[in-house]
A.B. asks: 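Submitted below is the structure of interest, expressed as structure tokens.
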Protein chains: 2
Amino acid sequence: MSSDSFYDWAVEEASPSRIGIRDVAAAAGVSPTTVSHALSGKGRLPDETRQRIASIAEELGYRPNVNARNLVSGKTGLLGIVVSASQETPFGLGDFDYFIQLLSAATGAAVERGRALVVEGVRSGPDAFGTVEVDGAIVVDPVSDDPLIDALDRANVPVVTTGRRDRPPAGGRPECWVDNDHVEATEEILAHLESHGAKKVGLISTAPVTSYTRDAISGYKAWCSLHGQEPMISTVEGPINEGAGFRAAEELLDLADPPDAIYATLDQLALGVLAAARARSLTVPDDLMVAGCTDSQASAWADPPLTAVLLNPEEIGRSAVSTLIDLIEAGDSVPDPVVVPTGIVERESTARLTGPGGVQAAGQAGSSRDSE
Amino acid sequence: MSSDSFYDWAVEEASPSRIGIRDVAAAAGVSPTTVSHALSGKGRLPDETRQRIASIAEELGYRPNVNARNLVSGKTGLLGIVVSASQETPFGLGDFDYFIQLLSAATGAAVERGRALVVEGVRSGPDAFGTVEVDGAIVVDPVSDDPLIDALDRANVPVVTTGRRDRPPAGGRPECWVDNDHVEATEEILAHLESHGAKKVGLISTAPVTSYTRDAISGYKAWCSLHGQEPMISTVEGPINEGAGFRAAEELLDLADPPDAIYATLDQLALGVLAAARARSLTVPDDLMVAGCTDSQASAWADPPLTAVLLNPEEIGRSAVSTLIDLIEAGDSVPDPVVVPTGIVERESTARLTGPGGVQAAGQAGSSRDSE
DNA sequence: GGTTCTAACAAAAACGTTTTTTCATGTCAA
DNA sequence: TTGACATGAAAAAACGTTTTTGTTAGAACC
């Protein structure tokens, strides 16, 4: 009656008490020990037996009891995930859709490997969440002086960050991360803007407390120096919302020689840019091209729909979990960093030219590449 | 080395392998059975023994191993939490801060009672999250035709909603919910606006797919009829963001007899109202008073800072978890619904008059009542 | 003075795995 | 032919609880 599958549309056939290792053993005509060894790759068994047992287990839909397993291993089976923050940066994250997608995928990946992911979002102090014992932790978008990260390191809790730390962990501890290549992604979106007719591109970004911001800025600067353009950067302080993007856009558009395209490192900022354009009766994309980083529903529904850099948060979440579990299980070897590919979803906000000459049809759903 | 406390600032004294029930038993000079009975309130023991054992356990810092407990109880120890959605309402939730606060508090409450809370946010289809087995689920802001809720009901998964369903569960299943009194909260914020000099108040709300929206609208209408004011309601369709609030505000302000105060049911909409006021050179609060539902960082930092209705999401999260666990454990009796008190944080956006006559000093941090 | 009852507790079984130990069987070298 | 050793697999122990079943001592009853 309880403990049912979350999406149990077709309620499993009267669920005659769950399949256990003993059932698999009986079906295969071996002992539970052998099943355990076969499935875990331990013990001494011929490969043929291993495969036979594996296929029987598969067929029976055997899923080991997580609690029993954790009981033996002495682990809690809990992984923590937390959005990095610090005194100066109360909340480093600007994007709801991004976080929810990452979280959702990470949850799935964790459960698939027999762990549960517990979230800690607001951190008023060391007391919050004080009693949770986790086998490891994921820190999203680590900011420079987040005290939590040091605390985790000191407590020897395995940590994987999504986005890179600004300095390696103390005490020679391993550094594990999952990230996009934001330098490359920035160069690609800038190339996209240029190929669609942008003459001068401005950048709106947050303070460089996270690696993705630093990467975007350096990618932008590199691109500028390569194209002989003077960098035009407006940095947002305080909370990240459309109003902040609006003000930053005004700053850029008030320049003596204003840009005719703006790339914002967060979708909310880009939405603010659209508002600023509207306030000045600038047509998007003809007078001003706008693109943002991180796609969202709001971007897709904006007027006009926003071109966006796709960061693949699901893949980041899954990889982070997988890396963290590897880190927890392989005590000695350190898992390699993971770089998750990015993409661009092209929408009307940058549809000024398509290729050399020619105007792209203005449709709500732009073409998308690299989106699964 | 693993399984350390998340915030292990003072790393526990070399942690000489965790305190177990046997340690408590030895310290108390009784058997593990007796300790278990004493702490769970089962078995036949004199109260004096119970208390003695409880205090020893407390003193030793005994915390039962969750996995062992779940193993014998046959539960997974997992609670699911999901934001309601449906075909027509892809994402019912408008507020990041609100959700994170609720989630964070709920996580803490769950862990405190030996459960883990797993999140499913994006639901692309029945496959997502398909393999997670939960002992129960929390559905946040249930919308009318969310297929998930029916699926959970059919699978006999205990469900608690935050916000009320629009119709009772099928098959005579118990209905459990945690909610604010949004009708009352709406009346209070309207009274606040009126007492500070508002003559005519407009309402901006989302489509009435959630109970809180329906409550806000009915509270507003009741207040209007009581005050002889014609209701002025602008309903937002599509994604909820500042742009949507902006457009809704324009709609109200373009009326022949426009309001001099606007209450928006989500903070992002209220921020959009501020932008609309600025675009028309209306001074807030003198020309237009603005208030939103749900406080957020962005509201506090807005220009001017926004008066907001406090919904106490932490308390909602904690109560939901607690109610859900009660529901899971008490197979027969159904826990009572919980109504979480609301409050108002008064800030500059409504600081036109303070009481009869007199103008409140314009400071960033307004007074706050009912905020803990 | 035996039986029955109850209070207070302890011993043992169970939960479903993993890990460690043991036990056959064969094979090979001496 | 006899150890020594490898292979394949099973038995047993362990993980830390809760639950079920026993056990003892004393009180109550006839």
Side-chain angles (χ1 to χ4, degrees), chain A residues 2-3 15-54 56-57 60-78 113-115 133 135 328-329, chain B residues 2-3 15-54 56-57 60-78 113-115 133 135 328-329:
Chain A
S2 285
S3 292
S15 78
S17 85
R18 192 184 162 124
I19 296 280
I21 199 171
R22 284 195 266 261
D23 301 304
V24 179
V30 298
S31 72
T33 310
T34 304
V35 175
S36 175
H37 282 159
L39 297 179
S40 67
K42 302 182 177 171
R44 291 176 306 207
L45 294 178
D47 278 352
E48 187 240 337
T49 308
R50 287 211 142 85
Q51 282 155 19
R52 188 171 59 88
I53 293 177
I56 291 177
L60 260 50
Y62 168 64
R63 280 189 322 209
N65 180 305
V66 171
N67 284 309
R69 190 193 289 235
N70 288 333
L71 179 57
V72 169
S73 71
K75 301 252 159 82
T76 62
L78 260 36
R113 294 189 62 175
R115 271 82 170 180
E133 301 191 345
D135 295 334
I328 291 170
E329 288 187 342
Chain B
S2 287
S3 292
S15 78
S17 85
R18 194 184 160 126
I19 296 277
I21 199 172
R22 283 195 267 261
D23 302 304
V24 179
V30 297
S31 73
T33 309
T34 303
V35 175
S36 176
H37 282 158
L39 297 180
S40 67
K42 301 181 179 172
R44 288 180 307 203
L45 294 177
D47 279 351
E48 186 239 335
T49 309
R50 286 212 143 84
Q51 282 156 19
R52 189 170 59 88
I53 293 177
I56 290 177
L60 261 50
Y62 167 65
R63 281 188 322 208
N65 180 306
V66 172
N67 284 309
R69 190 192 289 235
N70 288 333
L71 179 57
V72 27
S73 73
K75 301 252 159 80
T76 62
L78 261 36
R113 294 189 61 175
R115 271 84 170 181
E133 301 191 345
D135 295 334
I328 292 170
E329 289 187 342

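Here the structure is a predicted model, which is why all the values come from computation and not from measurement. Each chain gets a letter, A, B and so on, in the order the sequences are listed, and its residues count up from 1.
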A.B. asks: Would you mind reading off the bend of the helix from dG1(C)-dC30(D) to dA30(C)-dT1(D) from its two end axes, five pairs each, to 10 degrees?
C.D. replies: 70°
A.B. asks: Using a strict heavy-atom distance below 4.0 Å, which residues from residues 22-30 of chain A are in contact with DNA chain C?
C.D. replies: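 Only R22(A) qualify.
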A.B. asks: Considering only heavy atoms from C-beta outward, does the side chain of Y62(B) approach that of D23(B) to under 4.5 Å?
C.D. replies: no
A.B. asks: How would you list, by chain and number, every residue that makes a side-chain contact (heavy atoms from CB on, under 4.5 Å) with N65(B), sequence neighbours excluded?
C.D. replies: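 Applying side-chain contact (heavy atoms from CB on, under 4.5 Å) to N65(B) gives L71(A), N67(B), A68(B).
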A.B. asks: Identify the heavy atoms of P32(B) and A25(B) that sit nearest to each other, and give their distance.
C.D. replies: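 That closest heavy-atom pairing would be N-CB, 3.6 Å.
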A.B. asks: Report the residues that fulfil side-chain hydrogen bond (donor to acceptor under 3.5 Å, both in side chains) with S31(B), sequence neighbours left out, ordered by chain and then residue number.
C.D. replies: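 By the side-chain hydrogen bond (donor to acceptor under 3.5 Å, both in side chains) rule, S31(B) matches T34(B).
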A.B. asks: Quick one: does I21(B)'s side chain get under 4.5 Å of S36(B)'s, heavy atoms only?
C.D. replies: yes
A.B. asks: For DNA chain C, find the residues of residues 42-54 of chain B with a heavy-atom distance under 4.0 Å and give them by number; none if there aren't any.
C.D. replies: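 Under 4.0 Å from DNA chain C: R44(B), L45(B), P46(B), T49(B).
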A.B. asks: Between CD1 of I53(A) and CD of E48(A), what distance do you get to the nearest 0.5 Å?
C.D. replies: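 The distance works out to 9.5 Å.
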A.B. asks: Work out which heavy atom in L60(A) is nearest to a heavy atom in A27(A); give both atom names and the distance.
C.D. replies: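 Smallest interatomic distance, heavy atoms only, reads CD2-CB, 4.0 Å.
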A.B. asks: Any donor and acceptor pair, going by atom type alone, linking the side chain of D135(A) with main-chain N or O of T76(A) inside 3.5 Å?
C.D. replies: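 Confirmed, D135(A) side chain pairs with T76(A) backbone.
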A.B. asks: Could you measure the distance from the CZ atom of R50(B) to the NZ atom of K42(B)? Nearest 0.5 Å is fine.
C.D. replies: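 Answer rounded to 0.5 Å: 11.0 Å.
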A.B. asks: Could you give the start and end, 5' to 3', of the contact zone on DNA chain D for chain B, using atoms under 4.0 Å from its heavy atoms?
C.D. replies: dG16(D) to dT20(D)
A.B. asks: Please list, chain by chain and in numerical order, all residues satisfying side-chain hydrogen bond (donor to acceptor under 3.5 Å, both in side chains) with S40(B), sequence neighbours excluded.
C.D. replies: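 S40(B) satisfies side-chain hydrogen bond (donor to acceptor under 3.5 Å, both in side chains) with no residue once adjacent residues are dropped.
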A.B. asks: Could I get the full list of side-chain contact (heavy atoms from CB on, under 4.5 Å) partners for R52(B), not counting sequence neighbours?
C.D. replies: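 Checked R52(B) against side-chain contact (heavy atoms from CB on, under 4.5 Å); matches are A28(B), V30(B), T49(B), I56(B).
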A.B. asks: With sequence neighbours excluded, tell me which residues meet salt bridge (charged side-chain N to carboxylate O under 4.0 Å, His left out) with R113(B).
C.D. replies: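 R113(B): salt bridge (charged side-chain N to carboxylate O under 4.0 Å, His left out) contacts with D326(B), E329(B).
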A.B. asks: Kindly compute the distance separating NZ (K75(B)) from CD1 (I328(B)), expressed to the nearest 0.5 Å.
C.D. replies: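 Between K75(B) NZ and I328(B) CD1, I get 7.0 Å after rounding to 0.5 Å.
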A.B. asks: If you look at every heavy atom in A54(B) and L39(B), which pair is closest and at what distance?
C.D. replies: CA-CD2, 3.9 Å
A.B. asks: Are any side-chain N or O atoms of R18(B) and backbone N or O atoms of R63(B), one a donor and one an acceptor, separated by less than 3.5 Å?
C.D. replies: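 Checked: pair present.
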A.B. asks: Hey, can you pull the residues of residues 31-38 of chain B with a non-hydrogen atom under 4.0 angstrom from DNA chain D?
C.D. replies: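 When residues 31-38 of chain B is checked for heavy atoms under 4.0 Å from DNA chain D, the hits, listed by number, are T33(B), S36(B), H37(B).
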